[in-house]
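Counting starts at 1 for both ligands and their atoms, following the listed order. When reading the values below, keep in mind they use all heavy atoms of this one structure, side chains included, and skip hydrogens, waters and symmetry mates.
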Amino acid sequence: MATDVFPPPPRLLLGPGPSQVHPRVLKALSTPLVGHLDPAFIALMEETKTLLRQVFQTKNELTIPISGTGSAGLEACIVNLVEPGDEVVIGVNGVFGTRLVDVASRAGATVVKAEAPWGEIVPDDVLAAALEKTKRPKLVVLVQAETSTGVWQPLEEAVRLTHDRGALFVVDCVTSLAGCPVEIDRVGIDAAYSGTQKCLSCPPGLSPVTFGPRATEALRARKTPVQSWYLDLTMLEKYWGAERVYHHTAPISMSYGLYEALRLVVEEGLDARFARHQRNHEALVAGLEALGLSMLVRPEHRLWMLNSVRVPDGVDDAAFRTALLAEDQIEIGAGLGPFKGTVWRIGLMGESSSEANVRQLLGAFERLLPRHGATIPAGAGTQAADRVYSA
Ligand SMILES: *Cc1c(COP(=O)(O)O)cnc(C)c1O
């Protein structure tokens, strides 16, 4: 007899993704299937494109979900825009910049890194210096929300520097979309990719991408076929456009889930949703600092949806997280790279970003930290969060 694995334990997901999923999305995921060319599904595809444009804040025609997790969107942006030998400048200050370098190199790009220490932004002068090293840069790629560190990368000056050199500006907004402003059209971003499992609060499985006019033009002007058949936007747009040409079977249930998740975002309103993420971040940081913990990222570059905090001296990172999961059912993330064992990553993404969750997490920290060897002022964390919420 196989072991029963269902139902899974009722976790509270406060890590770097996936985030909590709204009951309406879970319900949508369990509704009956239709075919991927059914008129009802085509109507859902059209509505999804419209909703995605609202959430990306763009008029871009080519705005669709790629089948696969955020990494599929990352790879789609790279392989559709890069031809062998193209120069690509990539901001590297964490896991996802590092991954972009790998993907772009595999696609035949000549990569120039604009590097900064993990936990810091990529400064404009470092990007400018990297661009100086290129002859005809094709793309600049930056990660807006570096989930591995909690850094919020400013984009506007980087876009200007990129366009001055005639290159396309591509942004990873996997963690930022629907949690803080991305504003594709206003900022002048040429292409972007996201994921469903962070602030969109849908299970992992789809990756919304948007291509603006200049990126679409670069796609049309390719001299070589897109290296990936599965991610080739010139073929995918024929299924997502008026022709409805079969390419691969759309993930039907995931498409239902994304549609419902996008409706929830639009019902809440982007500004209200951003304000909610900011407020819960502020309350969490106030609480953690009142407990004597220190944040990894300087205040002006902190993300609202991913909070990196240093593990207090003397506390065993893994043992603490194990207790938090076993006793409180709360998942938080471990540190990565240079921060392995010394940083916790607390996600407040989408549905996970709530006052109740911040209070529950701080309460659990207050109870568990002393037991794991940290001296903290009793009750100070939840009181500090109270002050933020009652202000
Ligand atoms: C999570 C994430 C990805 C990758 O998404 P997956 O869903 O894990 O494939 C890419 N970039 C950033 C910034 C992310 O946070």
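The heavy atom nearest to atom 13 (C) of ligand 1, out of those in Asp172, Thr175, Val95, Leu100, is found in Asp172.
Listed by atom number, the atoms of ligand 1 under 4.0 Å from Thr147 heavy atoms are 12 (C), 13 (C), 14 (C), 15 (O). Here is the list of ligand 1 atoms found below 4.0 Å of a heavy atom in Ser71: 4 (C), 5 (O), 6 (P), 9 (O). Interface atoms of ligand 1 facing Gln197, defined by a heavy-atom separation under 4.0 Å, are 6 (P), 7 (O), 8 (O). The contact set between ligand 1 and Ala145, taken as ligand atoms under 4.0 Å from a residue heavy atom, comprises 13 (C).
Applying the under-4.5 Å side-chain rule to Ile, Leu, Val, Met, Phe, Trp and Tyr, the cluster around Phe6 extends to Val5. Hydrophobic cluster of Val126: the remaining members, joined at side-chain heavy-atom separations below 4.5 Å, are Val122, listed by chain and number.
The protein non-hydrogen atom at the shortest distance from atom 3 (C) of ligand 1 is Phe96 CE2, 3.3 Å. Distance from atom 14 (C) of ligand 1 to its nearest protein heavy atom, with residue and atom name: Lys198 NZ, 3.0 Å.
No salt bridge links Glu87 with Arg165; every basic N to acidic carboxylate O contact stays at or beyond 4.0 Å. A salt bridge does not link Arg302 to Glu282: none of the charged nitrogens lies less than 4.0 Å from a carboxylate oxygen. By the 4.0 Å N-to-carboxylate-O rule, Lys238 lies too far from Glu243 to be salt-bridged with it. In summary, Glu46 and Lys49 engage in a salt bridge, as defined by a charged side-chain N under 4.0 Å from a carboxylate O.
Of the heavy atoms in Thr69, both backbone and side-chain atoms come closer than 4.0 Å to ligand 1.
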**Stepwise side-chain hydrogen bond (donor to acceptor under 3.5 Å, both in side chains) test for His281 and Asn307** = CA-CA 8 Å; His281 156 76; Asn307 302 272; 2.6 Å; yes
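For Glu146, the closest heavy-atom approach to ligand 1 does not fall below 4.0 Å.
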